[in-house]
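Comments concern the structure below.
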Amino acid sequence: SPHPPAALVPFAWGTNRSGDSRVLYSSAPPSWHEVAASATAISDIAMSGASVGLAVGYGGAVYRYHAELNQWLSANNASDDIPAALDLYSVASGDASTFWIGGAGGLIFYSDDGGRAFEQVGSAPATFVDAIAAIGAQTAYAATDSVQVLRTTDAGSTWTTHPLPGGMRLSNLVALDSDSLWATSPSGAILRTDDAAANWTNQLPANSESMPGLSVLSPTAAFAMSGDGDVYSTTDSGTNWTLVQSLSAPLNVLVMASSTEGYALGDNGRIFMTTNGWTTSTSQIFGTQTYASGTSITSSHIVTAGSGGK
């Protein structure tokens, strides 16, 4: 669940096909080193500033970032409402204290103590909660595989449901404010709503590629990336999207630290970097990790993850 940058350095992560996960860190790209490993597939990550973060994954896995230790440690708590075997697919932070998690069976969980304990606050008629976005402590959106977006403005006590156009599922969901969101779809769409998910506009209707990458800089400026590595940008709230570079590689994650500095992550440990808004780019291979699956942004570090090796 990517969100608008704080001061602009990303956390990202990945899993391989067998579920072995790696978290990598960089204070000065392109040099990287490993800071955490998990035997469980990690599916999503969210940071609230540089000191608080959560990563979630299969089998009910929840990891919490401890800034004082500079470590990711298991945060599974027997008192939580999260079932031990439940696969978790998405996580978002609303502010420094609140986190939202979406899982299998359409279940949604909420924490107001920085991710230390969770309670179930929703159950969608769905198999998966594909993406979550949050603004503040009360407002959140959840996109499900039943091609709906759920919205709450009271910390999950009640939810309203809005259908997505054309039977689309979402791969990314970014809240700009309590009413405006950007989203991308595995079917290739870039979607925008400015009326709290009641109506959506497909801003790239002719595209047929999957669109796993989305990085939002402001309500008017954003970048999106296809699974084949085509990078698009907009500076007019999505009225026009311009293809700025074709990286010609299987990629899954896009994060922009500014309008010029950005990173694209993908299969086989491939990391692309740009310093000029994808006019040009450089690439490197880190280890043998085979799949990068997401990103979040903080103010002080760059961290990415892959799997299958260090």
Side-chain angles (χ1 to χ4, degrees), residues 1-15 21-29 32-38 42-57 61-75 88-102 109-118 131-137 139-142 172-176 182 213-218 222-223 252-258 261-265 271 292-306:
S1 31
H3 16 102
L8 304 178
V9 191
F11 274 78
W13 68 101
T15 64
S21 296
R22 294 288 186 265
V23 178
L24 309 178
Y25 160 86
S26 178
S27 58
W32 305 85
H33 62 272
E34 183 181 291
V35 295
S38 168
I42 301 299
S43 50
D44 202 1
I45 193 169
M47 298 296 299
S48 180
S51 59
V52 180
L54 285 183
V56 301
V62 180
Y63 293 89
R64 188 171 188 271
Y65 178 65
H66 294 257
E68 69 277 10
L69 302 174
N70 193 28
Q71 291 183 352
W72 290 85
L73 301 176
S74 175
L88 305 175
Y89 303 115
S90 52
V91 60
S93 171
D95 56 28
S97 299
T98 59
F99 284 89
W100 304 75
I101 294 175
F109 305 91
Y110 175 74
S111 171
D112 61 4
D113 63 358
R116 293 176 177 85
F118 282 86
I132 287 185
I135 291 289
T139 301
Y141 293 83
N172 287 298
L173 189 62
V174 180
L176 306 173
W182 248 315
L214 177 64
S215 188
V216 175
L217 297 172
S218 74
F223 287 78
N252 312 291
V253 172
L254 176 70
V255 58
M256 298 300 296
S258 69
E261 181 185 355
Y263 307 85
L265 316 169
I271 302 173
S293 57
T295 184
S296 183
I297 296 176
T298 79
S299 60
S300 57
H301 307 301
I302 294 178
V303 178
T304 186

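Here the structure is a predicted model, which means the values were calculated and not measured.
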Inset, instruction - Taking all heavy atoms of Ser111 and all of Arg116, pick out the closest pair and write down the distance. - result: OG-N, 3.8 Å
Legend entry - Verdict with reasoning, Phe99 to Val52, per side chain to side chain contact (heavy atoms under 4.5 Å, CB included): CA-CA 10 Å; Phe99 284 89; Val52 180; 3.6 Å; yes
Legend entry - Value rounded to 0.5 Å, distance of CG in Leu88 from CZ in Phe118: 9.0 Å
Inset, instruction - Under the side chain to side chain contact (heavy atoms under 4.5 Å, CB included) rule, collect the residues that match up with Ser74, sequence neighbours excluded. - result: Tyr63, Asn76
Inset, instruction - Identify the heavy atoms of Asn172 and Ala131 that sit nearest to each other, and give their distance. - result: C-CB, 4.4 Å
Inset, instruction - Could you pull out the closest heavy-atom pair between Gly114 and Arg64, with the gap in Å? - result: O-NE, 2.8 Å
Inset, instruction - Answer whether the closest heavy-atom distance between the side chains of Ile101 and Ile132 falls below 4.5 Å. - result: no
Inset, instruction - Would you give the length of the straight line joining atom CG of Asp44 to atom CG of Leu54, rounded to the nearest 0.5 angstrom? - result: 10.5 Å
Legend entry - Any donor-acceptor N/O pair, Ser48 side chain to Ala96 backbone, under 3.5 Å: yes
Inset, instruction - Tell me, please, which residues at least two apart from Ala137 pass side chain to side chain contact (heavy atoms under 4.5 Å, CB included). - result: Asp95, Thr98, Tyr110
Legend entry - Note, Val56 side chain near Ser43 side chain (heavy atom, < 4.5 Å): yes
Legend entry - Atom of Ala46, atom of Ser93 and distance for their closest heavy-atom approach: CB-N, 4.0 Å
Legend entry - Reported CH2-to-CG distance for the pair Trp182 and Leu214, which is rounded to 0.5 angstrom: 8.0 Å
Inset, instruction - Please identify each residue that fulfils side chain to side chain contact (heavy atoms under 4.5 Å, CB included) with Ala140, with sequence neighbours left out. - result: Trp100, Ala134, Thr152
